[in-house]
Amino acid sequence: MTAGRTDTTYRNPVLNADWSDPDVIRVGDDFYLTASSFGRAPGLPLLHSRDLVNWTLVGHALERLEPESEFTTPRHDCGVWAPSLRHHDDRFWIFWGDPDQGVFQVNAPEIRGPWTRPHLVKAGKGLIDPCPLWDDETGEAYLVHAWAKSRSGVKNRLTGHRMHPHGTELLDEGRVIVDADRIPGWFTLEGPKLYKHDGWFWILAPAGGVETGWQGAFRSRAFFGPYEEKVVLEQKDTDVNGPHQGGWVRTPSGEDWFLHFQQRGPYGRVVHLQPMAWSPGGGWPVLGHDGAPVAEHRRPDLPPQPPAAPATDDDFPGGRHGRQWQWTANPQEGWTTQHSADGLRLTCVRSAGAHDLRTLPHVLTQRLPGTPCTVEVELRLDSEEPGARAGLAVLGDAYRWIGLQRGADGTVHLVHRFAETVADRERDADHPRPAPGDRALLRVDIGAGARCRFSCDTGDGFRPFGQVFAATPWRWVGALLGLVAVAPTGQGHAGTATFTRFRISTSAYG
């Protein structure tokens, strides 16, 4: 979904879906952005823009999460947290923290790769949100990171290290360079982005929590401090709650801009673009309109670009899915079948966890759009296995799905199932209906507040199926749209399900 705009202005959010914890850089005339991907694969999405408003998804830097043994099953809130994207020595670099393993790094000569395999720069529990800096004036390199209390027992502080210029190892044990427990009113300091500007070391870092927090700026003449701080972006009287955590970028003409997220419940963390200036005299950054987020603003001084947004629709040519899709864990061979026609052919994977989609690694997902929309996909169940089923899901801590299931008597029924947050298995949300022809056109209308309604067409027009429900997020991840095919445990191949013409269109539903 594209941001609202005129010829001279843009409206926030510029990325109206869950592109969590964004970081941005400019290389020449091109801007690149990456974001958290948590436990989904491929990870580390790579977005490209020429104007900071229109963005397209051009790939991923992480094909599989490592170690492989840790991500064979879904770990929705683990994995890749808050990456930092940089360009140094003619290479692209991404550092991120896995809260259970430590600080990782990958790099590549071009944004589309090939990217190196993940390299563990610093092992440890609770090491999150790392950001490197190569100081071109001195040749020194540094790394700063935050802490996750859930793993380490500490938070609200930033630790700094000297780093080898090759970006492969740290050169000291590190020390706390900002202790926000000593700053009145500050808590949950995290997400630091490290820069060198005008003779100062700058750390742009959020605090106060993702739903209610603010964006801080810290500066020091020396990397290890001492630092002074200032709040540079907060909600004030706007409707943008918790505006913080992102990256600063400068255009070729010298304009400064800041991209950050806003937590929007089931929609996840949508991305806003704020103008940025430097205050006269004091030299602190001023974000938005006098420190408050802007809803609409003059566009950046950059060449006009055609409207663009990350892809959502998919015809699955040759059985291949587009780059907007991610699995809920590392994929395995045989989950999909390539063929000569259009349509995604998913294997009905035999699974002991077939009663709970949240436990399945072979669910193919994409982000829930942040505006009212209608999602449609056509499904054909090509399985004779009793109990085999496939469908379209809205996934979160609670979930619902609609689809087709083969009965013990060989007939196929349309089913609507759900599981509450505390439930360990799903239940029927409506009475099953016959599905003649073993196919159905599935739809979910998503309205304001992510309130959803499933409907289906088995040959006689769309009819509502089940109750209106509210999509729910995971702990750190927005709700997801999912395609799934599954079968009970047993022997032999359980058949396939074919999805065709996946479409998302704007809607006035709600």
Side-chain angles (χ1 to χ4, degrees), residues 312-322 324-325 327-328 331 333-351 354 357 360 362-366 374-395 399-417 426 428-445 454-466 480-488 490 492-505:
T312 56
D313 295 353
D314 206 341
D315 287 320
F316 310 107
R320 298 173 177 86
H321 56 77
Q324 67 266 35
W325 297 94
W327 300 99
T328 48
E333 187 175 355
W335 287 357
T336 64
T337 302
Q338 295 182 8
H339 52 91
S340 59
D342 288 351
L344 178 69
R345 192 173 295 168
L346 289 183
T347 299
C348 294
V349 178
R350 295 189 182 277
S351 173
L357 301 190
L360 301 181
H362 55 275
V363 182
L364 193 61
T365 69
Q366 66 167 279
T374 296
V375 181
E376 289 186 3
V377 67
E378 187 172 353
L379 168 64
R380 185 181 72 241
L381 185 62
D382 300 314
S383 171
E384 300 300 321
E385 180 77 13
R389 50 198 180 272
L392 169 66
V394 179
L395 286 168
Y399 75 86
R400 290 185 179 241
W401 70 279
I402 184 176
L404 300 176
Q405 176 168 323
R406 179 76 63 180
D409 62 355
T411 60
V412 172
H413 284 84
L414 187 73
V415 296
H416 178 185
R417 302 257 167 78
E426 60 190 31
D428 283 323
D430 204 338
H431 298 290
R433 303 176 186 173
D438 301 352
R439 64 176 62 227
L441 187 58
L442 310 177
R443 173 187 289 175
V444 58
D445 290 298
F454 280 125
S455 58
C456 58
D457 179 1
T458 56
D460 54 356
F462 276 103
R463 297 182 181 180
F465 196 24
L480 298 167
L481 299 170
L483 303 179
V484 63
V486 66
H493 185 64
T496 63
T498 301
F499 295 86
T500 54
R501 285 187 50 80
F502 183 91
R503 294 289 185 271
I504 298 181
S505 57

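Here the structure is a predicted model, which is why all the values come from computation and not from measurement. Throughout, residue positions are numbered sequentially from 1 according to the sequence presented.
Between the CG atom of Leu395 and the CG atom of Leu357 there is a distance of 6.0 Å, given to the nearest 0.5 Å. Rounding to the nearest 0.5 Å places SG of Cys348 at 9.5 Å from CZ of Arg389. With values rounded to the nearest 0.5 angstrom, Trp325 atom CH2 is found 8.0 Å from Thr365 atom OG1.
Partners of Phe454 according to the ring pair (Phe, Tyr, Trp, His ring centres under 6.0 Å) rule, which considers only residues two or more places apart in sequence or in another chain, are His416, Phe469.
Of all non-hydrogen atoms in Gly322 and Asp314, the two that sit nearest each other are N-OD2, 2.7 Å. When all heavy atoms of Ala388 and Ala494 are compared, the pair lying nearest together is CB-O, 4.4 Å. Pairing each heavy atom of Gly403 with each of Leu442, the nearest pair is CA-CD1, 4.2 Å.
Annotation for His339: atom NE2 counts as buried by contact number, over 12 foreign heavy atoms lying within 6.0 Å. The number of heavy-atom neighbours closer than 6.0 Å to CZ of Arg501, taken from other residues, nucleotides and ligands shown, is 12 or below.
In this structure, Arg417 pairs ionically with Asp428, as a charged nitrogen and a carboxylate oxygen lie closer than 4.0 Å. A salt bridge links Glu384 with Arg406: the closest approach of a Lys/Arg side-chain nitrogen to an acidic carboxylate oxygen falls below 4.0 angstrom.
At a threshold of 4.5 Å between non-hydrogen side-chain atoms, the residues His413 and Gln405 do not count as touching.
Asp315 contributes no side-chain N or O that, together with a main-chain N or O of Pro317, makes up a donor-acceptor pair within less than 3.5 Å.
Under the side chain to side chain contact (heavy atoms under 4.5 Å, CB included) test applied with Val486, the options Val349, Leu346, Leu360 reduce to a single match, Leu360.
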